[in-house]
There are 2 protein chains.
Amino acid sequence: MQPDELAKRIQELALVCRKAGRPLTVQRRAVLEALLTLDNHPTADEVLELVRQRIPNISRTTVYRVLDTLVALGVIRRIHHPGSAARFDGKVARHHHLICTSCGKVWDVDAPELDCITPPGEATRDFEVHDFSVHFSGLCSECRKRP
Amino acid sequence: MQPDELAKRIQELALVCRKAGRPLTVQRRAVLEALLTLDNHPTADEVLELVRQRIPNISRTTVYRVLDTLVALGVIRRIHHPGSAARFDGKVARHHHLICTSCGKVWDVDAPELDCITPPGEATRDFEVHDFSVHFSGLCSECRKRP
DNA sequence: ATACCATTTGCAATTTAGTGTCAACCAGAC
DNA sequence: GTCTGGTTGACACTAAATTGCAAATGGTAT
């Protein structure tokens with residue numbers, strides 16, 4: 001992510017925090033910055049590792065809690081992955097995912113032609129749909145080479 | 001799931017096991033039966049609880065391993081959910097999901113009109129797409145009533 | 001600038017989820 | 001019935017995430 005885009009997201013965080021009446025701590029800024037720097041769906045512990053380069057004494061608990069808070073504030077997203085650890089995504093704009101069923105890696109897909117899916121009225125009667133994303137599963141190029 | 005449908009799935013398991021040269025153990029039958037009985041995406045431990053009504057001494061390790069095996073045989077699916085625990089789905093046919101961002105519950109969506117999505121060629125150049133599913137996120141009827 | 005207070009943080013302990021090892025066992029084939 | 005390789009159960013272990021509580025801190029009012 002470019003530096004100016006990153007600054008914009010930090011400003012957005014400041015705005016959202018003020019709106020929600022929650023303090024903007026150095027930890028929150030640092031965690032968001034780390035997540036936006038790592039661009040491919042890191043786990044909480046991967047974020048922790050990077051944040052510690054700036055704040056060596058930050059606690060693992062704090063990173064977990066801050067990530068939860070940022071999700072609750074709508075600034076980042078939690079994504080659901082193969083593998084046990086939760087992962088986080090700094091991109092809140094609509095996008096889709098390629099998921100390799102062999103190695104578990106995930107790639108982003110920007111595909112405007114998929115952004116106009118209509119939720120079926122029948123099944124979603126009492127459900128208020130806010131967003132959607134398409135998960136494509138299959139084999140990545142690396143895993144196709146292996147048997 | 002109806003009894004006859006369940007019997008059909010157990011027969012399918014027998015067939016798949018024979019084809020793969022793997023023995024069909026009582027544990028495998030019982031785990032599949034339990035998963036098909038629980039119809040809404042149980043965790044491994046929820047499956048364990050139900051299986052123990054039939055086989056009280058079955059080991060937790062075994063249930064975890066059997067679920068992995070059934071996924072590898074293509075008889076069931078592992079799904080990726082909000083929350084830390086992996087969940088399993090007895091439905092292998094293509095279907096989609098409603099995910100409540102507030103309570104984390106998941107519902108199945110059968111929507112044939114969504115089954116004809118074309119994977120974007122650009123992004124998936126080196127990726128071999130086998131299947132896809134659409135995840136709709138939002139608020140369920142219960143959570144809409146709360147603030 | 002200072003003081004205040006609710007929120008947040010750090011630490012330690014705990015719970016929950018999943019994995020590794022290995023002897024005993026069993027389903028299926030002969 | 002006997003054989004054999006895959007499977008099971010028990011236990012210990014690692015990893016991931018959560019909780020309770022005292023201390024520290026950000027934001028606001030003074």
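Every heavy atom of this structure was used, including side-chain atoms; hydrogens, water molecules and symmetry mates were not.
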> What one-letter contact string describes nucleotides 8-15 of chain C from 5' to 3', where B marks a base within less than 4.0 Å of any protein heavy atom, S marks contact via sugar-phosphate atoms alone, and - marks no contact?
Replying inline: SBBBB---

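Pairs of residues two or more places apart, or lying in two chains, that qualify as ring pair (Phe, Tyr, Trp, His ring centres under 6.0 Å) and include a residue from residues 17-60 of chain A are A:His41-A:His97.
Between the CZ atom of B:Arg18 and the P atom of C:dG28 there is a distance of 9 Å, given to the nearest Å. In this entry the distance linking CG of B:Leu70 with P of D:dG6 reads 18 Å, nearest Å. Atom pair B:Tyr64:OH and D:dT7:C1' shows a separation of 19 Å (rounding to whole Å applied). Going from atom CG of A:Asp68 over to atom P of D:dA16 covers 16 Å, rounded to whole Å. Atom pair B:Glu49:CD and C:dA17:C1' shows a separation of 16 Å (rounding to whole Å applied). Straight-line distance from the NZ atom of B:Lys19 to the C1' atom of C:dG28: 19 Å, rounded to whole Å. D:dA15 atom P lies 14 Å from atom CD of A:Glu46, rounded to whole Å. The CZ-P distance, from A:Phe88 to D:dA16, rounds to 13 Å in whole Å.
A salt bridge does not link B:Lys91 to B:Asp39: none of the charged side-chain nitrogens sits closer than 4.0 Å to a carboxylate oxygen. With respect to the salt-bridge test (charged N to carboxylate O, under 4.0 angstrom), the residues A:Lys145 and A:Glu142 qualify.
Near DNA chain D, defined here as any heavy-atom distance below 4.0 Å, there are no residues from residues 6-17 of chain B.
Residues B:Phe127 and A:Leu139 do not share a hydrophobic cluster, clusters being chains of Ile/Leu/Val/Met/Phe/Trp/Tyr side chains in contact below 4.5 Å.
Looking at residues two or more places apart in sequence or on another chain, you find a salt bridge (Lys or Arg N to Asp or Glu O under 4.0 Å) between B:Arg94 and B:Asp131. The salt bridge (Lys or Arg N to Asp or Glu O under 4.0 Å) test applied to A:Arg60 returns A:Asp45, not counting sequence neighbours.
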> Are B:Val134 and B:Val109 close enough, and set up right, to give a side-chain contact (heavy atoms from CB on, under 4.5 Å), and what steps lead you there?
Replying inline: CA-CA 9 Å; B:Val134 185; B:Val109 181; over 6 Å; no

Expected list for residues 12-23 of chain B: side-chain donor-acceptor pairs under 3.5 angstrom, two or more places apart:
residue	atom	partner	partner atom	Å
B:Glu12	OE1	B:Arg9	NE	2.9

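For the pairing with A:His135, the ring pair (Phe, Tyr, Trp, His ring centres under 6.0 Å) check across B:His130, B:His135, B:His96 returns one residue only, B:His135.
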